[in-house]
Amino acid sequence: MADPATYRPKTGEIPTSPGVYKFRDPHGRVIYVGKAKNLRSRLSSYFQDLANLHVRTQTMVTTAAAVEWTTVSTEVEALQLEYTWIKQFEPRFNVKYRDDKSYPSLAVTVGEEYPRAQVMRGPKRTGVRYFGPYSHAWAIRETLDSLLRVFPIRTCSSGVFKRAAQTGRPCLLGYIGKCSAPCVGRVSAEEHREIVEDFVTFMAGRTDRYIKGLEEEMKEAAKDLEFEKAARLRDDLQALRQTLEKNAVVLGDGTDADVIALAEDSLEAAVQVFHVRGGRIRGQRGWVVDRVEDVDTAGLVEHFMQQLYGSEQGEQGVDTETVPREILVPELPGSLEAITEWLAERRGAKVEVRVPKRGDKAALMETVAQNAKQALVLHKTRRASDLTTRSVALGELAEAIGMDQAPLRIECYDISHLQGTNVVASMVVFEDGLPRKSEYRRFTIKGSDENGATNDDVRNMHEVITRRFKAFLKEQEEEKLIDAESYLNAGTGERKKFAYPPQLVVVDGGQPQVAAAARALADLEISDVTLVGLAKRLEEVWLPDDDDPVLLPRSSEGLYLLQRVRDEAHRFGIAFHRQKRSKSMVASALDDVPGLGEVRRKALLAHFGTLRKLRAAQVAEIAEVPGIGPATALQIHSALAELPASRAVNAATGEILEGGESRTGPDEE
């Protein structure tokens with residue numbers, strides 16, 4: 001690990017002009033590329049006290065052995081050069097977007113003498129016009145089949161085209177009228193190109209003018225008694241309208257726009273973009289990125305726009321259909337002026353980048369954001385379910401924390417409470433890298449005051465670990481375990497609650513929580529269980545008695561598995577805490593209702609479950625609960641109506657939100 005001071009340039013040597021800089025490792029490989037409006041200010045920020053740097057930046061500057069820079073005239077030039085170098089060097093610490101699929105596009109080879117329409121994947125080629133991308137290749141073929149009767153352009157391969165020219169006989173599409181058959185001279189190259197240009201114009205979104213022209217031509221043919229021609233034009237119009245109906249109008253003003261949305265966590269981000277042309281969604285694409293550099297949402301948007309629009313080349317070098325006149329984003333990039341100017345240069349016209357606040361565009365942005373969230377969840381699910389990836393994760397984890405073999409059973413513990421009240425703990429179990437939900441357990445913290453309140457998370461963690469392993473030792477003693485069958489209940493054949501000990505215990509927290517859990521295990525004389533803590537702020541892995549944490553690489557599958565285990569424990573704990581808090585609020589609200597005893601309070605809890613549902617119930621609905629008459633139901637309704645509205649709670653963090661009823665979620669039990 002290099003000391004950044006060994007290669008730090010003198011401050012006076014660094015220019016204050018815009019430019020692009022590169023960090024190189026000891027082997028001369030470029031590991032990071034960045035741009036700056038002021039090179040001196042930006043580079044100086046990397047050579048401060050390491051403790052003040054983000055963990056990812058720390059790793060980068062300690063991996064590097066040299067830094068160099070190139071000055072440019074403007075920030076736009078810096079943007080262009082940064083993109084070029086990222087493509088050229090593929091630095092390991094730069095954000096890299098990768099397609100979540102290889103999406104197909106409808107491509108027209110306008111650079112050929114006889115242009116061809118076809119399904120095409122992969123990088124963009126010069127001399128080709130692209131439409132899409134589409135989710136499925138069959139969707140392209142279905143659309144193309146509908147349009148060929150109106151625009152009979154070539155779709156055959158070069159081999160088929162040459163054979164038809166040699167034999168003088170067109171292919172089947174030529175016989176049924178879905179190809180103009182330039183291969184046998186039915187139309188000239190110029191006439192075929194005119195058909196292609198009409199097709200490209202239609203696919204680019206300029207449909208209304210073309211349809212109106214066909215309607216007028218149909219009416220003229222009917223007026224001149226050319227009924228066969230009029231019928232053919234009528235069928236052509238019907239085919240075009242059916243094609244257009246498949247692309248629903250999402251923006252009524254006929255806007256050309258790309259709508260970009262992100263879903264992100266501390267390790268990865270998913271990006272979705274909807275290509276809207278003429279107010280209709282013409283294509284959709286998705287990417288997933290590893291967050292290997294310290295960058296916020298605005299930075300992710302900027303990097304994504306560079307990579308999305310930086311390589312889209314058309315037949316004249318810049319495809320004006322690729323960069324639309326409006327780009328909608330969830331957050332404006334930091335270098336907005338430079339990005340806007342760069343995009344305008346690529347489009348050859350003005351481009352507006354903005355965040356939609358209301359109306360149809362904001363609603364569409366929300367739809368794209370939902371797609372991004374689903375894409376991130378799907379990516380994580382696929383990643384977690386892959387056997388090879390799980391094996392790699394368990395192996396990396398065992399090596400990082402010094403275990404002799406991979407932990408086949410992992411237990412994670414989390415403490416949940418709201419301002420010290422209704423304190424609960426959760427225990428989740430992962431076996432072979434997958435959640436074992438039947439083994440999950442929940443604890444109500446006993447060592448709290450008479451109101452159920454305590455703020456001592458360290459003591460709470462000690463209590464939970466003690467209770468869990470005391471139960472294990474007790475079951476082990478009672479059953480006198482001899483072989484694996486003794487782990488089962490004699491009556492049911494199921495495993496007992498705490499029969500299996502874990503190889504690895506993970507606690508949510510840093511050094512204090514790990515020390516508390518270690519004391520609990522030592523008190524019970526348990527020494528064959530490995531213990532770690534995962535601190536959320538920098539995702540540090542803490543081991544007992546170690547003064548410094550273990551920092552796993554951000555791209556590590558082992559770290560990803562630890563995070564997934566910790567997040568699942570947090571989710572499970574929050575759900576239990578919300579359930580207990582809701583029930584305690586209901587019970588306290590009903591304490592002063594005359595004649596309402598414990599049995600009937602429990603009946604109300606069992607029937608409605610939460611205070612919110614009980615408060616929303618009408619008197620007649622409350623009276624349906626067994627043992628609750630109309631008079632008592634009226635008293636309950638009146639008592640609840642006098643209560644102030646409870647505050648909402650963030651299910652992920654337990655944070656109190658301003659205003660609103662307490663919310664429930666799909667994971668509440």
Side-chain angles (χ1 to χ4, degrees), residues 1-98 266-267 269 289-307 310-311 333-339 342 538-540 548 551-556:
M1 185 173 68
D3 182 359
T6 60
Y7 65 89
R8 175 177 183 171
K10 294 180 180 179
T11 304
E13 295 176 350
I14 308 175
T16 57
S17 58
V20 182
Y21 54 91
K22 293 179 288 192
F23 280 87
R24 294 183 181 271
D25 66 10
H27 303 287
R29 292 173 297 202
V30 176
I31 61 172
Y32 184 72
V33 173
K35 65 170 175 53
K37 189 182 297 185
N38 184 319
L39 280 170
R40 179 181 298 175
S41 175
R42 176 62 59 82
L43 288 177
S44 297
S45 68
Y46 288 102
F47 296 99
Q48 55 180 298
D49 185 357
L50 286 177
N52 296 329
L53 297 177
H54 192 281
V55 62
R56 286 174 283 220
T57 309
Q58 288 180 22
T59 307
M60 189 271 289
V61 297
T62 54
T63 303
V67 61
E68 57 192 50
W69 58 84
T70 300
T71 60
V72 294
S73 301
T74 65
E75 195 177 354
V76 176
E77 290 182 24
L79 194 72
Q80 294 170 332
L81 184 57
E82 180 193 31
Y83 169 75
T84 302
W85 279 357
I86 289 175
K87 281 292 185 184
Q88 178 181 350
F89 298 113
E90 297 186 350
R92 57 176 289 202
F93 286 101
N94 279 96
V95 167
K96 300 180 186 69
Y97 287 90
R98 57 185 186 275
S266 58
L267 278 184
V289 57
D290 291 324
R291 302 187 67 166
V292 293
E293 68 175 290
D294 183 18
V295 60
D296 57 10
T297 302
L300 285 172
V301 169
E302 180 176 327
H303 286 306
F304 175 70
M305 292 173 69
Q306 281 182 268
Q307 298 191 40
S311 61
S335 307
L336 179 60
E337 292 183 6
I339 282 282
W342 174 67
L538 296 176
E539 305 296 7
E540 302 160 324
D548 297 313
L551 295 178
L552 294 174
R554 303 298 294 182
S555 58
S556 165

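For this chain, numbers begin at 1 and follow the sequence in order.
- The shortest heavy-atom contact between Asn38 and Pro15 is OD1-O, 4.2 Å.
- Closest approach of Arg40 to Thr11, counting heavy atoms only: NE-O, 3.2 Å.
- The CD atom of Gln306 sits 12.0 Å away from the CZ atom of Phe304 when rounded to the nearest 0.5 Å.
- Residues Leu43 and Trp69 meet the side-chain proximity criterion, which asks for heavy atoms closer than 4.5 Å.
- Here the side chain of Arg8 pairs a donor or acceptor atom with the backbone of Phe47 at under 3.5 angstrom.
- The two residues Gly19 and Ala78 make their nearest non-hydrogen contact at O-CB, 4.0 Å.
- At a threshold of 4.5 Å between non-hydrogen side-chain atoms, the residues Tyr21 and Val33 do not count as touching.
- Using a 4.5 Å heavy-atom threshold, the side chains of Leu81 and Thr70 count as touching.
- Taking CG of Leu300 as the reference point, atom OG1 of Thr297 lies at 6.0 Å (rounded to 0.5 Å).
- For Asp548, there are no side chain to side chain contact (heavy atoms under 4.5 Å, CB included) partners two or more places apart in sequence or in a different chain.
- The heavy-atom pair separating Gln58 from Leu53 by the smallest distance is NE2-O, 2.9 Å.
- The two residues Pro26 and Thr63 make their nearest non-hydrogen contact at CD-O, 3.5 Å.
- No side-chain heavy atom of Phe89 sits less than 4.5 Å from a side-chain heavy atom of Asn94.
- In this structure, OG on Ser17 lies 13.5 Å from NZ on Lys37, to the nearest 0.5 angstrom.
- The side-chain heavy atoms of Val61 and Leu50, taken from C-beta on, include a pair separated by under 4.5 Å.
- Between Glu302 and Lys35 there is a salt bridge, since a side-chain N of the basic residue sits under 4.0 Å from a carboxylate O of the acidic one.
- Counting heavy-atom neighbours within 6.0 Å of Glu337 CD, excluding the residue itself, gives a total of 12 or less.
- In this structure, the separation between CZ on Arg42 and CD1 on Ile14 is 12.5 Å, given to the nearest 0.5 Å.
- Taking the centre of each ring, Phe23 and Phe93 stay at or above the 6.0 Å mark.
- Judged purely by atom type and a 3.5 angstrom limit, Ser44 has no side-chain atom pairing as donor or acceptor with the backbone of Ser41.
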